[in-house]
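For reference, the structure is listed below as structure tokens.
Every chain is numbered from 1, with letters handed out A, B, ... down the list of sequences. Just so it is clear, the values below take in all heavy atoms, side chains as well, and ignore hydrogens, waters and symmetry mates. Computed from a predicted structure; not experimentally measured.
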Protein chains: 2
Amino acid sequence: MSKCESCIIKEFNSLKSLTREELMRVSACKTGKVYKKGHVIFEEGETLNGVYCVRSGVCKLTKLSENGKDQVVKLVVKGDLLGKRSLVSDQKTNLSAVALNDMEMCFIPKSEIMSDLSKNPKFTMDVLREMASDLKESDESLVNMAQKSVKRRMAEILMYSHDNFGTDNEDYLSIVLSREDYASIVGTATESAIRILSQFKKEGLISTQGKRIKVEDYNSLKWIE
Amino acid sequence: MSKCESCIIKEFNSLKSLTREELMRVSACKTGKVYKKGHVIFEEGETLNGVYCVRSGVCKLTKLSENGKDQVVKLVVKGDLLGKRSLVSDQKTNLSAVALNDMEMCFIPKSEIMSDLSKNPKFTMDVLREMASDLKESDESLVNMAQKSVKRRMAEILMYSHDNFGTDNEDYLSIVLSREDYASIVGTATESAIRILSQFKKEGLISTQGKRIKVEDYNSLKWIE
DNA sequence: ATGATAACATGACAAATATCATATTTTTTT
DNA sequence: AAAAAAATATGATATTTGTCATGTTATCAT
């Protein structure tokens, strides 16, 4: 497993602000973890005692609603730091994390990184910045959820997936999600999600092969209300 | 105007983690601001160059949706620090703030407080903790918005107002909001908000006098689906 | 106090979404 | 490859929510 000092992934998150010495210490105590698609990384209510640095793959952060349905709060991808909140609070995590792909991550124990958080202001500011950006994103999701139609939200997640995770060599979206996942991202019933995707298909906006989805008419998706 | 060192309000936010010397410096450069009900404190897209410490009153943080409707993202009350995000990012603010009451706040210029943020780890950690807690709250709001009915959300905001802002001497909710505000908190059409409140009234869950609302049957509100 | 304005209320209807039932297809297991 | 299980698809229908119209009440400025 590569050393943190020379790992390219860290450039995408606040670990890049650690000094070489700090990185070497972190590197010495990190653990490599591999999760298969569908594997539960942690569950709502657990105590996290560290952060995960995502090297490859994608996972969903979900929260169980009172009605028994899961809601996807965020998709976490390569370069993201998972579990930042555990660094500043001893509370149990309010979210579950489930791998949507096969994933590789590095786990860094809280104890090891806490000292850096109090001694390296550059690092702290960077974590703060990441957190602020998460918060901004979250506000935006809230507004989307409150003010946009299910169809619109579905169009947006398709475009989001296209823009952020790209496509395979046949132009299908790289991230393959079940209809149930789409439903719980968009916040609707599974049947409604299925129905909307079927409609998009009929209208030629997308095509599908099994559960794989290809965006055929990105521009029309943009204008869906 | 009272000095920060001796101000009780700061105990509710991360300013309490500043040293006495830091507080004195902050105090020297702060500006007292008074806003009347309805006044716009700042608007989406503005550049904030400081934070507001709320001494009294309540304001709403809103974000304009693409459909032209405002969505309330958070209610900010006594003790809260407004504009934390401006400290860590030079981006324009993504939210507007509008006073719902007459308000008193202190404005602390960014320039003055930034040095503390990089030199006083206790303070930084505290800001980080507040931000983390905001993020958690925001996740919860997202799930509520996505998974609960409008009626349920309305019941919850009434209980929230009751629990967090209390009642006047006649048991009416202290925070008086227009139906339009309720609609934009709950994320629905104004007419729908009105209808639901009327229904609650008919069912004896609340009573109203003008725009003032009294919770008559808290327990039943809890069980609304 | 009074007219003007904004906020509230409610009916009628349309549109969006959820729910339940039941096929059909895809994926997994044996 | 066949059987079983899971996921997807779709119809029928109920419920929720939005929209437009219109009337009423409260609030504000003069």
[atom1] of [X] versus [atom2] of [N]: gap in Å, rounded?
X: B:I206; N: C:dC8; atom1: CD1; atom2: P; result: 12 Å
X: A:Q209; N: C:dT27; atom1: CD; atom2: C1'; result: 14 Å
X: A:R179; N: D:dA6; atom1: CZ; atom2: P; result: 18 Å
X: A:Q199; N: D:dT10; atom1: CD; atom2: P; result: 11 Å
X: A:R212; N: C:dT25; atom1: CZ; atom2: P; result: 19 Å
X: A:Q147; N: D:dT17; atom1: CD; atom2: C1'; result: 13 Å

[N] phosphate, OP1 or OP2: any side-chain N/O from [X] under 4.0 angstrom?
X: B:K37; N: D:dC28; result: no
X: A:S198; N: D:dT8; result: no
X: B:T188; N: D:dT17; result: no
X: B:S192; N: D:dT17; result: no

Inset, instruction - Under 4.0 Å between any heavy atoms, over every strand shown, what does A:K202 touch: base, sugar-phosphate, or nothing? Just pick one. - result: nothing
Could you tell me whether [X] and [Y] make a salt bridge, using a distance below 4.0 angstrom between a side-chain N and a carboxylate O?
X: A:E170; Y: A:R212; result: yes
X: A:K74; Y: B:D139; result: no
X: B:E191; Y: B:R179; result: no

Nearest-neighbour nucleotide for the [X] side chain, [options] considered:
X: A:S149; options: D:dA9, C:dT17, C:dT10; value: C:dT17
X: B:A189; options: C:dA18, D:dT8, D:dG18; value: D:dG18
X: B:I194; options: D:dC20, C:dA9, C:dC20; value: C:dA9
X: A:R195; options: C:dT19, D:dA7, D:dT19; value: C:dT19

Inset, instruction - Tell me which of A:K69 and B:L177 sits closer to the 5' end of DNA chain C, going by the nucleotide each one is nearest to. - result: B:L177
Legend entry - Most 5' of A:K211 and A:K148 on DNA chain C, judged by nearest nucleotide: A:K148
Legend entry - B:E104 and B:S56 side chains, donor-acceptor separation under 3.5 Å: yes
Legend entry - Distance-only donor-acceptor check, side chains B:E46 and B:T93, under 3.5 Å: no
